[in-house]
Amino acid sequence: MTAKSKRSALGFGVVVAALFGCVLGAAWAEEPPEPSTSEVVAAIKRRAQQILEARKAARRLRFSGEVSQLLGYESNPSNGTEHVGDTYVEHSLYLAASKKVTPTVTWQGTYSGSYDNYFEYGDGDYMSHTLTPTKLIWQPGRMWRVDAGVDLNITYYPKAGASNYREFKPSVGVRQNLWGRWFHSVRYEWFIRDYISKKARDGSGNETEVNRVDDRSRVRYEVGTTWNDTLLKVRQEWYWHDSNDERTDFYDAEDYKVTASLNRSLTKKLSIAPSYSFERKNYSKRTVTGISSEARYDDTHTWTLAGTYEFNQTWSLNPSLSYKWLDSNEPTGEYIDTTISGTVTARF
């Protein structure tokens, strides 16, 4: 390399070094000063206060509810062999309160009440009140949810007093989220139902001095998933019903029911929910007319198409169409019933 080339390379290196030094100097000049100890402590205190306020907000008592008004038509409300249709209205109220007891445990209390009034079929009118004073929900993580509670119910039939009853029903349920969007759950329920003004019968059919009392154990298993913005579910239920009415053990039965349903949003405000269920009820000793050795069984098929239209966060409309067909080895118990209804709901 010639002397002239060396001088040129040296000059270029000096220029580069000078520019690099300017850049570093500018970067060092623009670097913000380190916060003081008092500022760090103040920031930590602010963050701790935000976390504390968020926890307090989560543990506050929360209230919610909804009021609904239903108008419907039922082709066979008495479930008789002859179809005598009637229009009916239903007024219902639902209230809920909840509070976090710990970060993973929530207490919930609810009340639901309804009154159904048929325009002509008076025996079908009834008023029902259900209070759940205690329900505890435990969510240790995203995979599991466990709940347990007790329902207290009283149902009145103004024109069919023998059907009035009180009910005590504890239950417990477990849900697990599986792979992807799959989930399954299992629930056990038991109730004891005391008929307020109906006496139990003895084996000869005579009324006794005690009220009719029924108890039932029910096991429910459900599996489902979300696919292509559609919720798909299959539910299976088994129950065993026993009564102290000894007249041929008229009300004792075992029941199996399976229901398949889906729920899909068509637009941001409109969704549909079709379903189908099959139910087999095997009576223990209720005999078929004219056949002394064969116990009665009922097969019930129910097709339902329901929808929801959300006007806004408060108001919604729920139309529904249901078709029920009961097929039995006891011809006098068979019937078909179709129900059309529309419900307007306000949430608060």
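FYI, the numbering just counts along the sequence from 1. Side-chain atoms are counted along with the backbone in the values below, which use heavy atoms only and exclude waters and symmetry mates.
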Checklist outcome for this item: Sequence neighbours excluded, the answer for salt bridge (Lys or Arg N to Asp or Glu O under 4.0 Å) partners of K269 is none

Next on the checklist: List the residues meeting side-chain contact (heavy atoms from CB on, under 4.5 Å) with T248, not counting sequence neighbours, and say none if there are none.
Outcome noted: F250

Checklist entry - Hydrophobic clusters join Ile, Leu, Val, Met, Phe, Trp and Tyr when side-chain heavy atoms are under 4.5 Å apart, directly or via other members; which others share one with F183? => result L231

Check residues 313-321 and write down every donor-acceptor pair under 3.5 Å in which the side-chain atom is one partner and the other belongs to a residue at least two apart or another chain.
| residue | atom | partner | partner atom | Å |
| --- | --- | --- | --- | --- |
| N318 | ND2 | T308 | OG1 | 2.9 |

Item to check | Sequence-distant partners of T81, side-chain contact (heavy atoms from CB on, under 4.5 Å), two or more places apart | outcome: none

Item to check | Pair listing, ring pair (Phe, Tyr, Trp, His ring centres under 6.0 Å) test, anchored in residues 261-281, at least two apart | outcome: Y276-W303, F278-H301

Checklist entry - Who passes side-chain hydrogen bond (donor to acceptor under 3.5 Å, both in side chains) against T230, sequence neighbours left out? => result R264

Checklist entry - Looking at residues at least two apart in the chain, or sitting in another chain, which of them share a side-chain contact (heavy atoms from CB on, under 4.5 Å) with Y335? => result N76, N79, K324, L326, D337

Item to check | Sequence neighbours excluded - ring pair (Phe, Tyr, Trp, His ring centres under 6.0 Å) pairs with any residue from residues 133-157 | outcome: Y126-Y157

Next on the checklist: Tell me which pairs pass salt bridge (Lys or Arg N to Asp or Glu O under 4.0 Å) where either residue lies in residues 170-186, with sequence neighbours left out.
Outcome noted: none

Checklist entry - Who are the side-chain contact (heavy atoms from CB on, under 4.5 Å) partners of D255, not counting sequence neighbours? => result Y239, K257, E279, K281

Check residues 67-74 and write down every donor-acceptor pair under 3.5 Å in which the side-chain atom is one partner and the other belongs to a residue at least two apart or another chain.
| residue | atom | partner | partner atom | Å |
| --- | --- | --- | --- | --- |
| S68 | OG | T345 | OG1 | 3.0 |
| Q69 | OE1 | H91 | ND1 | 2.8 |
| Q69 | NE2 | E90 | O | 3.4 |
| Q69 | NE2 | H91 | ND1 | 3.3 |
| E74 | OE1 | Y118 | OH | 2.6 |

